[in-house]
Amino acid sequence: MKSGGFDRLLLRLSNVGIDRFYTLTAQGLTMQVVGTGARHMRGVDGKNIYREVASVNFGGGETHDVIIDTTGVSPGTYFLYTTELHQMSNLTQLDGGMITEIVVL
């Protein structure tokens with residue numbers, strides 16, 4: 001993903017599996033969880049109850065909506081990836097697992 005002049009990215013992270021838990025992180029970037037289960041995170045009084053996190057944990061069938069704000073972040077390439085490094089290959093093939101780039105210009 002290239003931010004291309006946009007300072008904030010909204011991502012929906014989905015675990016479509018049913019038998020594994022995953023932890024996603026983007027080292028060097030902070031994520032703000034603004035929704036879970038396709039619902040906006042609001043308290044009973046209607047106020048936002050967002051939370052800032054360095055990583056997001058989720059199990060089978062769960063989704064989380066996160067905002068990554070790149071304002072003031074040094075230009076470069078940041079990786080959004082699963083921290084379970086043993087899952088970063090496709091058995092006998094290389095370059096597997098969940099990983100993508102976030103390019104800050």
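Residue numbers count from 1 along this sequence.
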Exercise. Using the ring of each side chain (for Trp, its six-membered ring), is His64 parallel, tilted or perpendicular to Phe58, with breaks at 30° and 60°?
Worked result: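 The arrangement is perpendicular - the two ring planes meet at more than 60°.
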Exercise. With Val34, which of Leu10, Asn48, Ile49, Val66 fulfils side-chain contact (heavy atoms from CB on, under 4.5 Å)?
Worked result: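 Going through Leu10, Asn48, Ile49, Val66 one by one, the side-chain contact (heavy atoms from CB on, under 4.5 Å) with Val34 is satisfied by Leu10 alone.
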Exercise. If you take all heavy atoms of Tyr50 and His40, which pair is closest and at what distance?
Worked result: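 For Tyr50 and His40, the tightest heavy-atom pair comes out as OH-NE2, 2.6 Å.
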Exercise. For Asn57 and Glu62, which heavy atoms make the closest approach, and how far apart are they?
Worked result: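 In this case the closest contact between Asn57 and Glu62 is O-OE1, 4.3 Å.
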[X] side chain to [Y] backbone, donor-acceptor under 3.5 Å:
| X | Y | result |
| --- | --- | --- |
| Ser14 | Thr63 | no |
| Asn15 | Gly17 | yes |
| Thr25 | Ala54 | yes |

Working to the nearest 0.5 Å, report the span between [atom1] of [X] and [atom2] of [Y].
| X | Y | atom1 | atom2 | result |
| --- | --- | --- | --- | --- |
| Ile99 | Leu80 | CD1 | CG | 8.5 Å |
| Arg51 | Thr36 | CZ | OG1 | 7.0 Å |
| Gln32 | Asp69 | CD | CG | 8.5 Å |
| Tyr22 | Leu24 | OH | CG | 9.5 Å |
| Gln27 | Phe79 | CD | CZ | 10.5 Å |
| Met41 | Lys47 | CE | NZ | 16.0 Å |

Exercise. After noting the C-alpha distance and the side-chain angles of Asp7 and Val73, does the key distance pass the side-chain contact (heavy atoms from CB on, under 4.5 Å) rule?
Worked result: CA-CA 9 Å; Asp7 292 330; Val73 173; over 6 Å; no
Problem set entry | Check against side-chain contact (heavy atoms from CB on, under 4.5 Å), Tyr81 and Glu101 | CA-CA 9 Å; Tyr81 65 96; Glu101 295 180 343; over 6 Å; no
Problem set entry | Contact check, side chains of Thr23 and Val56, non-hydrogen atoms, under 4.5 Å |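 Side chain of Thr23 against side chain of Val56, heavy atoms only: no contact under 4.5 Å found.
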Exercise. So, do Leu11 and Ile68 sit near enough that their side-chain heavy atoms are less than 4.5 Å apart?
Worked result: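 The answer is yes, as the side chains (C-beta and beyond) meet within the 4.5 Å cut-off.
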For this session: Check the pair Leu29, Ile102 against side-chain contact (heavy atoms from CB on, under 4.5 Å), reporting the backbone distance first and the verdict last.
Result: CA-CA 10 Å; Leu29 300 175; Ile102 298 172; 4.1 Å; yes
For this session: Start with the C-alpha gap between Asp65 and Arg12, add the side-chain angles, then the distance that decides, and say whether salt bridge (Lys or Arg N to Asp or Glu O under 4.0 Å) holds.
Result: CA-CA 4 Å; Asp65 298 325; Arg12 174 162 288 164; 2.7 Å; yes
